[in-house]
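Structure first, then comments.
Order of appearance sets the numbers: ligands from 1, and atoms from 1 within every ligand.
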Amino acid sequence: VIITRTAEQLQAAVLATDLAFSQWGLVISVPKTKVMVIGPATADAAELDIRCQGQTLEAVDNFKYLGSMMASDASLDAEVANRLKQAGHAFHSLQTAKFWRDPRIAVPLKLKVYVTVVLSILLYASRMESLQPMSAQALRYKKRKAPSSLQLNSKRSQSELGKSQTLDLGDGAKVIYQPEGFSQEECGALFDQLQADVKWEQREITVMGRKVMQPRLVAYMAEHEQLVMTYSRTTLIPTPYTPAVLAIKAKLEELSGESFNSCLLNLYRSGKDHVSWHSDNEVLYGPNPTVASASFGAERHFLMRQNADHTKKHSFLLGPGDLLVMKGTTQQHWMHSVPKRARVEGERISLTFRKVVAPECGVPLEELLTTSKAAASEG
Ligand SMILES: O=C(O)CCC(=O)C(=O)O
Ligand SMILES: [Fe+2]
């Protein structure tokens, strides 16, 4: 590519290049060589008469260079549209081959293939800051349909991902915190899958005798449907784990060294959504339950305070891929919350994994189904 500021400079450079090439026995292919004016044009490309080997070079508005579309108005719209199309083809060809749905293929492998095959096409050599707002918008829109995102411009390799640290809160209460347990690519893909595949609901709960709508959306998944969970007089019947949730569960089991059989998911639609001070000390988890969480999407503060002394506090700013495990006596001695943040506009999704050890302490599923059937026939 020869880039110059004026037509005269371009003509001179073309001639010089042609001359230098010919000394090596190389010939510039005139039909394959194009001229393009880029940026706020003071000259019309069609009026330019740039010559090479006695012939006028063709002037164009778009040019595909190393697979990337260059446009004469310097916008990336054509390139973004082209990328979306190609990444879409890649995604759908695997869909047609039933790759995404094949239960024999492990989820982490599917994610790797997704990152390698689909994202690499979408994001090849892309940098967020070089995009016009409209193009960035188009890519973000795509992100909702097939998992992808421009935040996915991986800044760190797997080996550079956050190291975990353990915080001793005293009295047998411990917190493990691992920033960026998932890479940015993985976070983008997981966030999209969680947004799309999970049946998010806003539930009515009873707080101090008053019925209120929960200030966030929730969903509940578990190993089997008997693991019903009841809290604040709302009952959640579990649905099966989705692939994304299973992948996150595996990561948190590795970090905590424990196994979980259920997951409560939260979707904070904006900074207005929150969770008030509470501890996850339901009887069905038994004494000293471990609660392990993963965060995706917008950054939010996760606060902890000691029951006996509210001035004893900890604060974690949880961003995409951050993992946090509360263990030991934490639920006995500490409360936690995700407070409102007026300025946060983005959505955040958190998954909190737990182990139900005493399902009999929850409401048995049969009872629940008969009550709801009875209620339905009465109404
Ligand atoms: O969103 C979070 O990180 C915390 C949610 C939480 O405390 C809960 O679901 O019990
Ligand atoms: Fe909690």
Counting from 1, what ligand 1 atoms have a heavy atom of His336 closer than 4.0 Å? 7 (O)
Using the six-membered ring wherever Trp is involved, compare the ring planes of Phe302 and His336 and label them parallel, tilted or perpendicular (cut-offs 30° and 60°). parallel
Does ligand 1 have a heavy atom under 4.0 Å from the side chain of Arg300, from its backbone, from both, or from neither? neither
Looking only at heavy atoms, which two atoms of Pro238 and Met221 are closest? And how far apart? CB-C, 4.0 Å
Atom nearest to the Fe ion (ligand 2) - His278, N, O or S atoms considered: NE2
Do Tyr220 and Ser262 touch side chain to side chain, with heavy atoms closer than 4.5 Å? yes
With respect to Asp280, determine whether any N or O atom, backbone or side chain, lies less than 3.5 Å from an N or O atom of ligand 1. yes
Name the residue from Glu201, Arg269, Lys199 that meets the side chain to side chain contact (heavy atoms under 4.5 Å, CB included) definition with Leu217. Arg269
Nearest neighbour in protein (non-hydrogen) for atom 3 (O) of ligand 1: Arg348 NH2, 2.8 Å
Closest heavy-atom contact between Ser256 and Ile176? CA-CD1, 4.5 Å
Given side chains that start at C-beta, do those of Leu167 and Leu169 come closer than 4.5 Å, heavy atoms only? yes
Which N, O or S atom of His336 lies nearest to the Fe ion (ligand 2), by name: NE2
Heavy atom of the protein closest to atom 9 (O) of ligand 1 (residue, atom name, distance): Asn266 ND2, 2.9 Å
Only heavy atoms of His278, strictly under 4.0 Å: list the atoms of ligand 1 that pass. 6 (C), 7 (O), 8 (C), 10 (O)
Give the atom numbers and elements of ligand 1 that come within less than 4.0 Å of a heavy atom of Phe302. 3 (O), 4 (C)
dist Leu94:CG -> Asp102:CG (nearest 0.5 Å) comes out at 11.5 Å
Among the N/O/S atoms of Asp280, which is closest to the Fe ion (ligand 2)? Give the atom name. OD2
State the atoms of ligand 1, each with its element, that fall below the 4.0 Å cut-off from a heavy-atom position in Tyr268. 1 (O), 2 (C), 4 (C), 5 (C)
Glu345, CD: over 12 other non-hydrogen atoms inside 6.0 angstrom: no
Answer side chain, backbone, both or neither: which part of Arg354 comes under 4.0 Å from ligand 1, heavy atoms only. side chain
Run the side chain to side chain donor-acceptor pair (under 3.5 Å) test on Ser295 and Arg300 for me, step by step, so that the C-alpha distance in whole Å, both residues' side-chain angles and the decisive distance to 0.1 Å come before the verdict. CA-CA 9 Å; Ser295 298; Arg300 294 289 295 264; over 6 Å; no
Pick one of side chain, backbone, both or neither for how Ser350 approaches ligand 1, counting any non-hydrogen atom pair under 4.0 Å. side chain
